[in-house]
Amino acid sequence: MNDVLTAERTHLEDSRQALHAMREAVAGLQVFGGNAVSTEVLKQVLYRRMRALEDDPTVPLFFGRLDYARDLGAELDETLYVGRRHISGELGGDPLVVDWRAPVSRPFYRASPVDPMGVRSRRRFGFSHGRLTAYEDEHLDRGVVGESRLLADEIERPRTGPMRDIVATIQPDQDALVRTDLARSVCIQGAPGTGKTAVGLHRAAYLLYAYRDQLSRSGVMVVGPNESFLSYIRDVLPALGEIDATQETVESMVRSATGVEVTGTEAAPVAVLKGDARLAEVVQRAVWSRLRDASETLVVPRGSWQIRVTTGRQNATVAALRATGVRYTAGRALLAQRLAHEVLLRLEGMGESTDDRVQSAVARTPAVKAAVAALWPALDARAVLFDLLSDREALRVAAEGILSDAEQDVLVWQRPPRTPRTARWTLADVVLLDEIGDLLSRTPSLGHVVLDEAQDLSPMMLRAVGRRASTGSVTVLGDLAQGTTPWAAATWPEALGHLGKPDAELTELTEGFRVPAAVLAYASQLLPLIAPGLVPPRSVRRSPGDLELVTGGLTSVVAAVRRAAGREGSVGLIVADDHVAAITTALSDAAIDHALIAGAPEFVAHVEVVPASLAKGLEFDHVVVLEPAAIVAAEPDELTGLRRLYVCLTRAVTSLTIVHEGPLPPELDVNVPPGVTAARPDSQGPIP
């Protein structure tokens, strides 16, 4: 075994040296473009290539090996090492490492004794801080493959910091989703710990590899629920050599498109109504209702002649242009040319020769410009929405037959701001501005969009994301049981319809690789109430995990955190948002080093205090959840609160400790797991 390890370590060192040589070769290239612009473009290409070739000595360059055999159907008897990126040998020889996304790497994830795919044996490697420490062979030609200890160890290994890639542990069903063709849109309903986020990110990496030319032009975007989540996943794609995908939240996406900051808040019923898909028709009416019938004949001087276009012809021109489905702003520009064309028809009837230059000149005349301004006024998205929300009559006209009088009363501002620029726009408002902006000018489409936690988006938010992939495809990720917004989706077909991808293939992942069985079983007691139609998830972990219930207040919380911090791995203390201040003070008084997750966290502290509203999508080796009932009560309704609690309970990878002074929600108090610890209430009393 030592001889084998020595040989494999030598190959690892050779690969690392070859990667360094590849990076040095790129660094030594001189850039000479045909002009300043092309020179800068080439510099950016080289910069991205340099980034893709960066080496982290703590991350293994390869994690597997395939021994192909002709007698099993392979073209050659050869050995290939599978890693995160392709590493070339010297002088263009055989590669030292092949990219995990290459077709020849597929058997590492899919081959089995039933279908060896040309592979005689598959080798997995164990690493510690970048050093190769172990290997494990699976002889596919012998007909039986046992459970992989290295694979199980890698899945259950304690983790700290942001999310890492899972290229070494992708399962066959996950690999099938990752390698789905670019043309196909997929929706993955995944229970906690099933790897749906990782699958989505790895599909993005795969598509950028397999369709690089196409996606380098059209682009890839990952949309997450909040900045904390984006910080958590930020290193996954760069670790796989992909830096070209942009990462956004819905808020940052619409803010960038509209130029409007979110500065206001509103009650949940108002936000729910503004997120209703019916608002798309309301704002569409508001935009197109600005068209006006001609009130006077258009007169265009042409030399000694006065060319006239009747009001009827003007109205017919507007109607014909509107019927083409053109966007509002583009239609306004075309109207000038259409009216000029009407003038040219009359000139030609009078015997004058015309051409495109004459038409363009007529389109620029003051008379035509004035007619366009009267028939097809210039619009600003903020002005349109401002009028709707501040003017009851304008809203009534646009919403008649769509919204009830009571709903219109909910929408309209009770105390309107003076101007659009002084308005305190909410997130729902800015999403509506984005919708109006698309009516004015078409939103450019990307080649692919990965949308995570999609169940939490309103119909109007889904429309905003969907138009960014109107000619591309999407990977939709989420869990209906984790819908924690008042407008959360009830079904995936409904959500996919709003997204504009009703034909997306729906897949359900129910095998959990990260959440321990004991934790998952305990949290799943909530499923009959929060998502009765879903299949309960099943953990495939070897270890059932640790689950502890503790009765107590601040002292018990501090003690639980101290115990968790003494173990290997990250610690997350999840509390109701209103309890954050008291908890951070208690930890500081106890001299426990910690950090508060807020905004875009760095994940550098061993202990992280996590407001319940930001827990979604994150995971920690050890989780302490404080006062489940308080987390439920913090939400607008009980259903949303129980879903929020389900999210918080399923963030644990190794252990979960629940500390409570008040009673547990009845759904969790029915089947208390055996072996739990019941601590005495501490003297400090309940959390303020």
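We number each residue from 1, following the sequence as shown.
- Residue R392 places its CZ atom among more than 12 non-hydrogen atoms of other residues, nucleotides or ligands, all under 6.0 Å distant.
- Look at R327 and D438 and you find a salt bridge, because one of the NZ, NE, NH1 or NH2 atoms lies within 4.0 Å of a carboxylate O, short of that distance.
- Comment: E242 engages R212 in a salt bridge, judged by a side-chain N to carboxylate O separation of less than 4.0 angstrom.
- Checking side-chain atoms of T258 against main-chain N and O of V254 turns up a donor-acceptor pair under 3.5 Å.
- Nearest approach of S228 to I597, heavy atoms of both residues: OG-CG2, 3.6 Å.
- The two residues K274 and L389 have their closest heavy-atom pair at NZ-CD1, 4.2 Å.
- Nearest heavy atom pair, residue I166 against residue Q174, reads CD1-OE1, 4.2 Å.
- No donor-acceptor pair under 3.5 Å is formed between the side chain of D434 and the backbone N or O of V431.
- For the pair E619 and V515, the minimum side-chain heavy-atom distance is 4.5 Å or more.
- Rounding to the nearest 0.5 angstrom, the gap separating the CG atom in L379 from the CZ atom in R290 is 5.5 Å.
- Rounded to the nearest 0.5 angstrom, R463 CZ and H498 NE2 are separated by 9.0 Å.
- Judged purely by atom type and a 3.5 angstrom limit, S470 has no side-chain atom pairing as donor or acceptor with the backbone of G466.
- Using a distance-only test at 3.5 Å, with no hydrogens or angles considered, no donor-acceptor pair links the side chain of R234 to the main chain of Q247.
- No donor-acceptor distance shorter than 3.5 angstrom exists from the side chain of S256 to the backbone of M253, with no hydrogens or angles considered.
- In this structure, L388 and V283 have side chains that are in contact, with non-hydrogen atoms separated by less than 4.5 Å.
- Side-chain atoms of D181 never come within 3.5 Å of backbone atoms of R184 as a donor-acceptor pair (strictly under, hydrogens ignored).
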- [ ] Any chance you could lay out the side chain to side chain contact (heavy atoms under 4.5 Å, CB included) test for E508 and L506, step after step, and finish with the verdict?
- [x] CA-CA 7 Å; E508 188 170 358; L506 179 59; over 6 Å; no
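- Distance alone, capped at 3.5 Å, places no donor-acceptor pair between the E281 side chain and the R278 backbone.
- Residues L527 and P537 meet the side-chain proximity criterion, which asks for heavy atoms closer than 4.5 Å.
- With salt bridges taken as basic N to acidic carboxylate O contacts below 4.0 Å, none links E248 and R468.
- A salt bridge does not link R644 with D577: none of the charged nitrogens is closer than 4.0 Å to a carboxylate oxygen.
- We find the CH2-OG1 distance between W487 and T640 to be 10.0 Å, quoted to the nearest 0.5 Å.
- The side-chain heavy atoms of L477 and V450, taken from C-beta on, include a pair separated by under 4.5 Å.
- Rounding to the nearest 0.5 angstrom, the gap separating the CG atom in L656 from the OG1 atom in T654 is 11.0 Å.
- The closest side-chain heavy-atom distance from L403 to L273 is below 4.5 Å.
- Between R110 and D175 there is a salt bridge, since at least one side-chain N of the basic residue sits less than 4.0 Å from a carboxylate O of the acidic one.
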Task: Verdict with reasoning, D452 to V222, per side chain to side chain contact (heavy atoms under 4.5 Å, CB included) - done: CA-CA 8 Å; D452 206 350; V222 178; 5.9 Å; no
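- Annotation: side chain of L642 is in contact with side chain of E667 (closest heavy-atom distance under 4.5 Å).
- Residues P516 and A652 come closest through the heavy atom pair CD-O, 3.3 Å.
- Side-chain atoms of R179 come within 3.5 Å of backbone N or O of R101 as a donor-acceptor pair.
- Of the inter-residue distances, the one linking K616 atom NZ with T197 atom OG1 reads 11.0 Å to the nearest 0.5 angstrom.
- Rounding to the nearest 0.5 Å gives a distance of 5.0 Å between CG of L433 and CG of L385.
- A heavy-atom distance below 4.5 Å is not found between the side chains of T507 and V186.
- The distance between the ring centers of F386 and W413 falls below 6.0 angstrom.
- In terms of heavy atoms, P192 sits closest to D479 at CD-OD2, 3.5 Å.
- At least one side-chain heavy atom of L182 sits less than 4.5 Å from a side-chain heavy atom of Q214.
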- [ ] Start with the C-alpha distance between M461 and L427, add both sets of side-chain angles, then the distance that settles side chain to side chain contact (heavy atoms under 4.5 Å, CB included), and finish with yes or no.
- [x] CA-CA 10 Å; M461 291 175 181; L427 176 56; 3.8 Å; yes
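- In terms of modelled atom types and a separation under 3.5 Å, the side chain of D456 and the main chain of T484 share a donor-acceptor contact.
- For the pair R514 (side chain) and G193 (backbone), a donor-acceptor distance under 3.5 Å is absent.
- The number of heavy-atom neighbours closer than 6.0 Å to CZ of R442, taken from other residues, nucleotides and ligands shown, is 12 or below.
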Task: Chi angles and distances behind the side chain to side chain contact (heavy atoms under 4.5 Å, CB included) call for V519, L649 - done: CA-CA 7 Å; V519 174; L649 295 176; 5.5 Å; no
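- With hydrogens and angles left out, the side-chain atoms of S473 and H448 include a donor and acceptor closer than 3.5 Å.
- The heavy-atom pair separating G478 from W492 by the smallest distance is C-CZ2, 3.6 Å.
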